[in-house]
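Every number for a ligand or one of its atoms is a count from 1 in the order of the listing. Bear in mind that the values here come from a model prediction, so they are computed numbers and not experimental data.
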Amino acid sequence: MNAAAPLLEVRNLVKHFRVAGGLFGGRSGLIRAVDGVSFELRRGETLGLVGESGCGKTTTGRCILQLERPTSGEVIFEGRDLTRLGEDELRAVRRKMQVIFQDPYSSLNPRMTVGQIIAEPLAVHGIVTERRSRAQRVRDLLSHVGLLPQHADRYPHQLSGGQRQRVGIARALAVEPALIICDEPVSALDVSIQAQIINLLSDRVAVMYLGKIVEITDRKSLYDVPLHPYTKALLSAVPIPDPVLEAQRERVVLGGEVPSPLNPPPGCVFHPRCPIAVDRCRREVPELREIRAGHRAACILA
Ligand code: SF4
């Protein structure tokens, strides 16, 4: 394998779900959950997928792992297109790719202690075979994500949302994956913990809206120079701890709801809510293009 090649390349990933008309007059049609997502990741990088619920983050994560088979597109991991692999071949690959899903509670087995939850992948994948070393590794992982050794004996329901999220992260890190994709791991946490978790994890951030990536760059550029009006609105909703700065800054309030992926708007899918939309936005689909080095956005005015 070429060492300079990206570890993961997602090319034009599409996942559509067909919905039948409901008994009570619901409309039938195609839900465009993921609609042409492309990005690359290098070895050792972490990508955070950010956006409102229903924007396609979870489906993108599931399609990359092939837990959901994509409608079209390619997912090239270590040089192989995962969409063409069978279940047996995929099992070995999945260990190297971890996705941290949005809801930490539903992904943790309630009958297992935190220690058992983190130790399980170490044993299953034969990473640490000796029991005592495994217990030590669990303690190391707990401390790495900011938890205490005594948390190992607790059950998920005895932890706060933030602590459970950290257990999910420790479990994902346990298998020493080549790649981690986080499905908005901050949404279940309170704001003070959000920044810590993002610092712990994401090198790069992709902002999604209605099944498309609208902006992708490293964490710092996204916060310092957001380019897409949707990203600006999302960031302006995060409170700043300094009251003077908080009072001075501009807040972008978005009108309306996220449109249905069953019938997405023509042109730029963000145009019905975009505060700076012009006429062209109703007709032209903006391409995700490089606007600054390593910083891409899908907006005709960016
Ligand atoms: Fe707003 Fe137009 Fe840019 Fe879309 S293309 S984000 S509607 S300005």
Next item on the list: Compute both the distance and the angle, then confirm whether K15 meets the cation-pi test with F17: under 6.0 Å from the six-membered ring centre, within 45 degrees of the axis.
Entry: yes

Throw together a table of side-chain donor-acceptor distances under 3.5 angstrom for residues 29-39, partners on residues two or more places apart or in other chains.
unit_1, atom_1, unit_2, atom_2, d
D35, OD1, H16, NE2, 3.4
S38, OG, N12, N, 2.8

Notebook entry, point to check: Any side-chain donor-acceptor pair under 3.5 Å between Q163 and R166?
Noted result: no

Item checked: Atoms of the protein (N/O/S only) found under 2.8 Å from atom 1 (Fe) of ligand 1 -> C274 SG

Notebook entry, point to check: So, does S133 use its side chain to make a donor-acceptor pair with the main chain of V128 at under 3.5 Å?
Noted result: no

Note to self: Does R18, at its CZ atom, have more than 12 non-hydrogen atoms belonging to other residues, nucleotides or ligands within less than 6.0 Å?
What the structure shows: no

Check: Of I180, L147, V145, which meets side-chain contact (heavy atoms from CB on, under 4.5 Å) against I169?
Finding: V145

